[in-house]
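Report on the structure given below.
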Amino acid sequence: MGIAFENQVAAPQLPSRPAYGDNQTGTHLPERAGSLNGVIVPEQPGKNAIEVRGVRKVFGTGENQVAALDTVSVSIRENEFFTLLGPSGCGKTTLLRLIAGFDFPTAGEILLHGQDIAPLPPFKRPVNTVFQSYALFPHMTVAQNIGFGLEMLGKPKAEIEARVAQMLKLVKMEALKARRTSQISGGQQQRVALARALAPQPKVLLLDEPLSALDYKLRKEMQIELKRLQHETGITFIFVTHDQEEALTMSDRIAVMSAGKILQVGTPRDIYDRPAERFVADFIGETNFLPGTVVSKHAGVATVKFASNATIAAGYPEGFDPTGEVTLVVRPEHADLVPDPVKGTIAGTLANIVYFGTDTHYHVKLDGGGENFIVRHQNSRSSPVTYATGAKVGIQFEEDAARVLKD
Amino acid sequence: MAEPRAMDIKDQPGFRSIAVICLLVLYVPVLILMIFSLNSGSLVTHWEGVTLGWYGSAFRNEEFHAAAKNTLIISVTATIVSTICATLAAIGMTRVKPWRGIAAAFMVINLPLMVPEIITAVATLSFFALIAGTLGLNFGIGNLILAHTVFCIPFAYMPIRARLEDMDLTLEYAAADLYATPWNAFRRITLPLLVPGIMSGAALAFIVSFDDFTITQLVAGPGQTTLPLYIWNQIRRPMTPEINAISTILLMVSILFVSVSFLIARRRAK
Ligand SMILES: Nc1ncnc2c1ncn2[C@@H]1O[C@H](COP(=O)(O)OP(=O)(O)OP(=O)(O)O)[C@@H](O)[C@H]1O
Ligand SMILES: [Mg+2]
């Protein structure tokens with residue numbers, strides 16, 4: 001990304017070069033292309049910014065041991081917008097803290113551009129963090145907060161002032177630069193935290209649920225802003241959220257975590273369309289679960305029979321061998337209602353209709369019992385059929401709609 | 001029907017009378033002491049008229065000057081040294097990995113609060129007598145400064161530690177994240193945020209040293225009379241309202257420092 005990075009940062013509001021060199025930080029990290037001494041090192045495409053190898057983190061001792069991270073391995077590429085997604089307590093913050101250097105792994109190693117960073121204290125790691133709680137310095141002004149990193153790197157005063165001005169403009173905080181950070185709103189604090197972390201131009205930016213405190217509209221704005229920033233600076237973003245929609249819309253790749261483990265890493269489309277496990281399908285988007293029996297398998301496609309004797313072809317993830325009783329998952333928008341129950345693969349009674357503006361959810365009580373099956377229809381001016389609660393309906397599946405997943 | 005809200009203390013039977021008695025017992029003697037410092041007669045029991053003369057004679061009194069000077073030397077030095085020690089101790093007890101014996105260290109720091117002062121006084125006296133006897137060492141007023149420093153440490157320690165514990169640790173992580181070395185993080189982040197705690201600890205230490213009597217009385221050598229000792233010596237003679245004036249001056253200094261400490265603590269709570 002070396003050359004490209006230089007081109008991108010020629011944009012006026014952007015810092016023009018990496019803020020730290022090996023000389024200041026005392027690291028033994030490889031020179032980055034276009035770094036201070038002007039040596040341009042060609043970079044291999046798709047090089048990894050961060051590699052996490054077999055990392056375990058155990059808190060407590062004896063009875064009270066918790067494995068906050070249970071042998072996690074993942075590679076994060078340069079320039080990538082990488083998201084850690086998972087429920088509360090699954091170990092997202094712990095992983096960020098290990099990368100930032102505030103804590104040490106119980107086992108395993110973390111590489112930054114191919115170098116083990118274990119010997120580097122946090123203040124020597126070219127990684128900056130936007131903290132979950134912002135952690136702005138309350139005794140300093142907005143501008144002093146943003147300039148702090150550069151000041152600590154020993155940058156000349158003029159350079160610091162110029163960079164701070166750029167950053168203030170970037171996050172639209174010029175008017176409030178002389179305010180104390182306790183005298184600005186939550187959304188403004190969040191933007192200052194972002195500017196402060198970006199100012200030294202780290203190689204990797206860690207963002208721990210930075211948008212969670214914002215209202216819906218500001219959050220949407222900041223999501224777009226963050227994407228733009230990431231694209232323009234070429235900094236690798238590791239973004240933590242437990243909002244699946246945010247993860248899907250912003251990320252290049254997502255790692256879905258649960259209870260200290262990474263369950264699946266993939267593009268948003270991968271994760272949504274081809275979830276590797278039931279947990280992933282359940283956590284991301286809405287999903288219907290249907291019981292069935294595998295009757296045959298061929299080339300990654302299983303034929304599954306429902307209680308009603310109807311059958312369906314369903315794909316399954318590599319390395320998983322479904323047999324006997326299984327659970328099928330079907331996204332609500334991959335199924336359709338038909339007025340004639342006999343024409344559907346499965347049948348039931350319309351229990352509930354929920355209108356959402358852009359689309360409508362039909363809750364169908366299946367004849368075979370179990371949980372209600374949800375079908376999602378996008379609303380349009382000319383919806384062909386209207387249904388009423390209590391009507392008998394059939395459910396049809398689109399091709400490839402059903403998948404068999406590990407429980 | 002009235003909601004079962006928190007009850008109003010003023011509605012409790014007897015509250016008013018008990019409160020009035022307590023306030024009277026506490027403050028009437030002090031009030032009388034202050035009023036008689038303005039008495040134009042020379043008795044502290046018989047009111048004759050108003051004058052500021054006793055303040056004038058107090059300010060011209062050379063023994064009072066010497067005592068005030070001793071007190072200031074001892075209190076200021078003990079305050080500075082004990083506040084520095086307390087700050088270092090508080091950081092060592094809150095900003096490091098829990099170490100073996102941290103609970104014992106906490107006990108040791110706070111022990112002077114629990115040991116009866118007369119015991120500390122006797123022990124300190126015998127200690128200085130011992131080193132004077134065996135090593136021939138006598139630090140003069142340094143003995144008093146040393147003794148005061150030691151018993152001031154826990155008073156300075158408490159507010160500093162409380163402030164450190166209140167402080168958001170993430171701020172220090174953020175500083176490290178932004179390339180601040182541990183020393184820089186301390187100097188630029190922890191220390192400035194700790195200042196209110198340090199000020200309030202120092203104010204407390206000063207007060208405690210300023211009006212200490214028991215330990216000072218036992219340890220002080222000739223020519224080391226402090227203000228509390230001076231007052232003690234005066235009241236064993238026929239008393240004049242001058243002693244009331246001196247006491248009132250001391251009281252004002254104490255009130256000033258307590259208020260400063262209180263105001264700083266309140267600003268920090270906001
Ligand atoms: N210092 C600690 N001591 C003991 N247990 C800890 C510590 N830090 C984290 N844990 C535990 O490790 C697990 C993972 O915590 P972590 O903070 O990484 O979760 P998270 O995914 O960031 O959650 P959230 O979305 O709520 O922020 C939790 O079970 C937590 O209780
Ligand atoms: Mg977290």
Side-chain angles (χ1 to χ4, degrees), chain A residues 19-21 24-27 61 93 96-97 99-104 120-140 144-155 160 180-182 189 192-193 195-202 204-208, chain B residues 83 87 90-103 159-202 260-261 263-270:
Chain A
Y20 48 81
Q24 281 102 359
T25 54
T27 70
T61 49
T93 299
L96 289 197
R97 286 173 55 84
I99 295 172
F102 306 140
D103 218 331
F104 301 97
L120 297 184
F123 61 92
K124 287 189 180 167
R125 297 188 184 193
V127 168
N128 287 157
T129 308
V130 179
F131 291 86
Q132 201 163 358
S133 55
Y134 310 150
L136 297 177
F137 305 130
H139 57 302
M140 297 185 190
Q144 286 168 337
N145 264 277
I146 297 174
F148 188 80
L150 297 162
E151 202 186 317
M152 289 298 116
L153 285 169
K155 297 286 166 194
I160 297 176
R180 286 290 173 99
T181 55
S182 52
Q189 289 181 17
V192 175
R196 187 180 70 173
L198 276 171
Q201 263 222 297
V204 177
L205 188 68
L206 309 176
L207 303 103
D208 197 351
Chain B
T83 305
T87 306
I91 289 165
M93 306 277 288
T94 55
R95 286 301 189 272
V96 292
K97 272 202 285 198
W99 37 282
R100 269 176 75 90
I102 192 161
I160 297 173
R161 183 189 165 103
R163 176 80 183 169
L164 269 174
E165 282 179 340
D166 282 357
M167 213 186 282
D168 183 4
L169 265 185
T170 329
L171 294 178
E172 284 159 44
Y173 287 131
D177 191 63
L178 293 162
Y179 314 105
T181 57
W183 166 244
N184 275 336
F186 175 74
R187 196 172 56 89
R188 297 292 308 277
I189 308 300
T190 316
L191 192 57
L193 293 174
L194 194 55
V195 164
I198 293 176
M199 300 282 283
S200 131
V260 166
S261 172
L263 286 177
I264 290 169
R266 215 173 56 146
R267 202 179 58 180
R268 142 191 124 195
K270 275 192 212 151

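Lettering of chains follows the sequences in order, A, B, ..., and the numbering in each one begins at 1. Scope of the values below: all heavy atoms of this structure, side chains included, with no hydrogens, waters or symmetry mates.
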Legend entry - Portion of A/T129 that has a non-hydrogen atom of chain B nearer than 4.5 angstrom: both

Inset, instruction - Assess whether side chain to side chain contact (heavy atoms under 4.5 Å, CB included) is satisfied between A/F137 and B/L178, documenting all intermediate values. - result: CA-CA 12 Å; A/F137 305 130; B/L178 293 162; 4.2 Å; yes

Inset, instruction - Mind listing the closest non-hydrogen atom pair of B/Y179 and A/G149 along with its distance? - result: CD1-O, 3.9 Å

Inset, instruction - Just grab all the salt bridge (charged side-chain N to carboxylate O under 4.0 Å, His left out) pairs involving residues 172-196 of chain B, residues at least two apart or on different chains. - result: A/E151-B/R188, B/R95-B/E172

Legend entry - Contact class of A/R97 relative to chain B, heavy atoms under 4.5 angstrom: side chain

Legend entry - Heavy atoms from other residues, nucleotides or ligands near CE of B/M93 exceed 12 (cutoff 6.0 Å): yes

Inset, instruction - Select one option (side chain, backbone, both, neither) describing which atoms of A/F131 are under 4.5 Å from chain B's heavy atoms. - result: side chain

Legend entry - Where B/P182 and A/F123 come nearest, the two heavy atoms and their spacing: CD-CE2, 3.3 Å

Legend entry - Minimum heavy-atom distance between A/M140 and B/I189, given as atom pair plus value: CE-CD1, 3.6 Å

Legend entry - Proximal component of A/L206, with respect to chain B [non-hydrogen, under 4.5 Å]: neither

Legend entry - Partners meeting side-chain contact (heavy atoms from CB on, under 4.5 Å) with A/A197 (sequence neighbours left out): A/N128, A/V130, A/L205

Legend entry - Side chain / backbone / both / neither for B/L171 at chain A, heavy atoms under 4.5 Å: both

Legend entry - Under 4.5 Å from a heavy atom of chain A, the part of B/A175 involved: both

